Amino acid sequence: MAYDYGLVIGGQERDAADGGTIEVTGPATGEVIGTIASATAADVDAAVAAAKEAAPGWAATTQFRRAGYLNALAKAVAAHADELATIETRDMGKPYTISRKVDLRTAPEAIEYFAGMAGKTEGRTVPVPGRFVNYTVREPFGVVAGVIPWNYPLLQAIWKIAPAIMAGNTVVLKPAERAPLSPMALVRLCQEAGIPPGVVNAVPGYGKTTGTALCAHPDVSFIAFTGSVETGRAIQRAAAERVIPVTLELGGKSPNIVFDDVDPKAAAQLAYSAIFSNMGEVCTAGSRLLVHESIHGQVVDALLGLIESQTVIGDPMDPSTTLGPLIDHEHLARVQGYVDRARNSGAKLLTGGGTRKIDGLSGLFFEPTVFDHVDNSSELAQDEVFGPVLSVMSFATEDEAIELANAVDYGLAAVVQTRDVGRAHRVAGRLQAGNVWINSWGNVHSASPYGGYKRSGHGREMGFSIMDAFTQEKNVWVSTR
Ligand code: NAD
């Protein structure tokens, strides 16, 4: 079955102005599985105009009415869960079991969560001196541009659209050209759920053309971006020109710190999930494993055992598969480049290091790869590889662990594995990371603020944080004289 999507502008699905399309290739098979329209600057103009026109009416719609639309969307997503999970896996390559059991469980819940914000974006009364009543209200910005990456396409689209429209904004979504299908399917469902025309628009296309035109558009009042640091910088520059706010959810190089009071097998299991889930194409991947020197050997041995016993590389539609293909050949070359350079850097390759041939499928399947004795200042330890490649290093003291953990430009997430409650909180407090997981990894929930320190970005998604971000505070003084 081929998946074909146009642009969605003002409730209508249509071709690009110049008829341009992008072929969508499934990473597992290498076959073309669909096409999307590729929006031109003129299409972006039309989409922003539609969003701008819809904005006053949508802002005036009661929050409870908006919630009704979101709940209808959540139902539609749940009803199409099998189909959406299939699209996600065929387009992005993640194992179907994960698409269906994780992404498609989270998706309707996230929409319902933001529907639950009805009536909760409250203002304040401020006790100023004098005969005044002073209060604040939170108001939408108008048109929000949502620009998203390819690694969790459906959830990323939801995390932009649901809070933005619940806060009373209208949206123009720019899906990633490498995995655009599930966001486009979602936007179609928005129309089916009855969300009024112009409230949710989508302009698929390339970053350099469609994305740039959208982020530079004078009628866009807020840019919500998730993606790489390089693009985040370009977007912040574009926003600076017009002095509009941005949220930037960027990359990571997250440490997973294992102290000597934990069970080495349990620590290895957490390390395994943290780096090999979603083929390592996870912004919060635990890509640096810092292990206390006294249990280093035991943890590494257990990890190698898990790679052997738990990894099934293959067709992501097969329910037993745990590791699917990387997204495309360009990305594979990037991952392979890091691995090849690391081989000559003094780090010790313990397992993996290249692609695994799977009969009848594409050449994009990369083996779980572990390097030991990695120097934290090396390229492998500093750069985001965004693949199933782990750097292992040792530490002797708590101070050393923290120093190593923080000695990267990124600050998205960190894991602390210890049974010592005092140490857990002490270390969490000293880590430069927006998300700290104690004896756990990868917990993300619509209710829980999420975002990065340092070069991993700024602004917080999820929960009340994103509702604050997507609204501006107005302060009103009323003289009682
Ligand atoms: P990317 O920056 O290449 O692309 C992200 C999006 O930006 C795409 O839709 C792309 O078309 C668009 N884009 C590219 N150039 C643009 C420009 N100049 N102007 C406007 N838009 C432009 O990132 P990617 O390769 O799609 O995703 C991988 C990156 O995303 C990794 O660095 C990963 O860590 C990060 N990521 C972060 C989070 C988070 O929550 N912090 C979550 C997922 C992914």
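In each ligand, atom 1 is the first atom listed, and ligand 1 is the first ligand listed. Treat the numbers as computed from the prediction; the structure is a model and nothing was measured.
- In this structure, W58 and Y69 have tilted ring planes: the angle between them lies in the 30° to 60° band.
- Applying the ring pair (Phe, Tyr, Trp, His ring centres under 6.0 Å) test to Y113 and every residue at least two apart in sequence or in another chain returns nothing.
- Not counting sequence neighbours, the partners of Y272 by the ring pair (Phe, Tyr, Trp, His ring centres under 6.0 Å) test are F276.
- Partners of H445 by ring pair (Phe, Tyr, Trp, His ring centres under 6.0 Å), not counting sequence neighbours: none found.
- Side-chain contact, T226 with K160: a donor N or O sits under 3.5 Å from an acceptor N or O.
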Return a table of N or O atom pairs, ligand 1 on one side and protein on the other, at distances under 3.5 Å, rounded to 0.1 Å.
residue	atom	partner	partner atom	Å
ligand 1	2 (O)	S228	N	2.9
ligand 1	2 (O)	S228	OG	2.6
ligand 1	2 (O)	T231	OG1	2.7
ligand 1	9 (O)	I148	O	2.8
ligand 1	9 (O)	K174	NZ	3.1
ligand 1	11 (O)	K174	NZ	2.6
ligand 1	11 (O)	E177	OE1	2.5
ligand 1	11 (O)	G207	N	3.3
ligand 1	23 (O)	S228	N	3.4
ligand 1	25 (O)	W150	NE1	2.9
ligand 1	26 (O)	W150	NE1	3.2
ligand 1	30 (O)	G227	O	3.3
ligand 1	32 (O)	E384	OE1	2.6
ligand 1	34 (O)	E384	OE1	3.3
ligand 1	34 (O)	E384	OE2	2.5
ligand 1	40 (O)	Y450	OH	3.2
ligand 1	41 (N)	L250	N	3.4
ligand 1	41 (N)	L250	O	2.7

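- Both the sub-6.0 Å distance and the 45° axial angle are satisfied by R341 relative to the ring of Y338.
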